[in-house]
Undergrad: 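Sharing a structure here in structure tokens format.
Numbered from 1 within each chain, the chains take letters A, B, ... in sequence-line order. Just so it is clear, the structure is predicted and the values come from calculations on it, not from any experiment.
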There are 2 protein chains.
Amino acid sequence: MSEPDPVGRDALHFCLNLNRATAVLTRHIDHRLSALHGLSLNDFTVLHSVAQAPQGKVRRSDLATQLGLTASGVTRLLLPLEKIGLITRLPDIRDARISYVALTPTGSELLSHALSSAAHISEDLIGHVPGMQLRALSTLLDSLK
Amino acid sequence: MSEPDPVGRDALHFCLNLNRATAVLTRHIDHRLSALHGLSLNDFTVLHSVAQAPQGKVRRSDLATQLGLTASGVTRLLLPLEKIGLITRLPDIRDARISYVALTPTGSELLSHALSSAAHISEDLIGHVPGMQLRALSTLLDSLK
DNA sequence: GACATGTATTTGATAGATCAAATACATGTC
DNA sequence: GACATGTATTTGATCTATCAAATACATGTC
């Protein structure tokens with residue numbers, strides 16, 4: 001009994017489940033990061049991405065890709081971060097359309113604390129999942145561009 | 001070389017990746033479902049959840065859980081769906097605080113088409129992932145409450 | 001049966017993100 | 001070097017979801 005029935009039904013349920021789980025997960029992280037450092041998950045991801053980047057700077061459009069946001073969403077996300085002095089704006093000498101994001105000393109300092117918090121929070125939320133399985137899902141997620 | 005470094009760093013990268021991928025994925029689905037049926041992914045999930053429910057009705061708070069939204073978010077999500085006649089509101093005889101959501105014939109009809117679209121869209125987006133792995137990951141996601 | 005406490009839902013104010021259009025610049029072609 | 005086309009970013013209007021507080025009802029206790 002119980003015909004699971006084909007035609008993308010598994011894929012659909014996976015998507016619905018992903019949607020639900022991610023909403024819950026990011027809300028948790030948002031709350032905790034916000035309480036500890038006054039940062040949302042996306043705020044944190046900006047700082048982290050910039051810090052990881054080759055020259056310590058990223059193009060705004062690359063941030064959009066890394067966050068899964070639109071360019072417009074990035075503009076609005078960065079606005080308050082720049083205003084409170086966590087990030088700065090750097091021009092590109094070759095191409096005046098491009099604007100890089102870099103960390104200020106303050107941003108860098110805040111990140112160093114937030115990074116450890118974020119890691120602990122994540123570990124707390126999904127630490128019970130075996131590392132191998134985690135990496136499997138991670139590579140699956142990478143395939144979703 | 002390359003020390004991955006412990007203490008929840010894998011967990012953190014997983015969360016960031018999950019956040020990015022889900023944003024992209026749901027935006028895709030939103031666009032396509034919206035073009036075909038005028039429904040967002042969450043709209044669709046509401047119809048689908050209600051249709052799946054035991055008596056064809058769900059409490060609003062249960063919908064919140066299934067969608068990963070807050071109760072307040074559900075209220076606002078359902079409002080237009082009720083207004084355009086896809087769902088109705090049913091009272092609970094025993095407990096006047098509770099309000100159930102049920103499909104109207106129109107909602108049910110729309111769902112029958114949207115369900116097949118949604119399944120195809122999902123298949124399209126993540127069909128390349130082996131089914132076994134999908135189910136494994138789905139159960140992983142279930143463990144995130 | 002009045003009262004304190006708890007649960008389900010809604011509401012007001014606000015943040016976060018989207019889209020479509022605008023701006024500003026770059027690049028190739030004639 | 002003017003022009004059509006394309007890319008990076010920002011802006012205006014709008015939508016979605018949040019939080020905190022309010023409402024409405026239920027339940028246990030005294």
Undergrad: Which is true for A:Ser72 with a 4.0 Å heavy-atom rule: it touches a base, it touches only sugar-phosphate, or it touches nothing?
TA: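 A:Ser72: base contact, heavy atoms under 4.0 Å.
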Undergrad: Examine C:dC19: is either OP1 or OP2 under 4.0 Å from a nitrogen or oxygen in the side chain of B:His31? Give yes or no.
TA: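 Indeed, a polar side-chain atom of B:His31 lies that close.
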Undergrad: If hydrophobic clusters are built by linking Ile, Leu, Val, Met, Phe, Trp and Tyr wherever their side-chain heavy atoms come under 4.5 Å apart, do B:Leu115 and B:Val46 end up in the same one?
TA: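 Same hydrophobic cluster.
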Undergrad: With side chains defined as the heavy atoms from C-beta onward, is the minimum distance between B:Val101 and B:Glu82 less than 4.5 Å?
TA: no
Undergrad: By nearest heavy atom, map B:Arg59 and B:Leu79 onto DNA chain C; which one lands nearer the 5' end?
TA: B:Arg59
Undergrad: For A:Asn42 and C:dA15, is the shortest distance between a side-chain N/O and OP1 or OP2 below 4.0 Å?
TA: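 It does not, given that no N or O in the side chain of A:Asn42 lies less than 4.0 Å from OP1 or OP2 of C:dA15.
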Undergrad: Please map the stems of DNA chain D, keeping only stretches of three or more Watson-Crick or G-U wobble pairs with both distances under 3.5 angstrom.
TA: C:1-30 with D:1-30
Undergrad: How is B:Arg60 classified with respect to the nucleic acid when contacts are heavy atoms under 4.0 Å: base, sugar-phosphate, or nothing?
TA: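 Sugar-phosphate only.
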Undergrad: Assess, by modelled atom type and distance only, whether the side chains of A:His37 and A:Ser117 contain a donor and an acceptor separated by less than 3.5 Å.
TA: yes
Undergrad: For A:Asp30, report the nucleic acid contact type (base, sugar-phosphate, nothing); a contact means any heavy atom under 4.0 Å.
TA: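 Nothing: the residue A:Asp30, judged by heavy atoms under 4.0 Å, touches no strand.
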Undergrad: How is B:Thr75 classified with respect to the nucleic acid when contacts are heavy atoms under 4.0 Å: base, sugar-phosphate, or nothing?
TA: base
Undergrad: Tell me which residues in residues 90-97 of chain A lie within less than 4.0 Å of DNA chain C, going by non-hydrogen atoms.
TA: A:Arg94, A:Asp95, A:Ala96, A:Arg97
Undergrad: Measure from the side-chain heavy atoms of B:Arg27 and tell me the nearest of C:dA13, C:dT18, D:dT9.
TA: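 Shortest atom-to-atom distance from the side chain points to C:dT18.
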Undergrad: Please work out if B:Ser99 contacts a base, only the sugar-phosphate, or nothing of the nucleic acid, heavy-atom cut-off 4.0 Å.
TA: sugar-phosphate
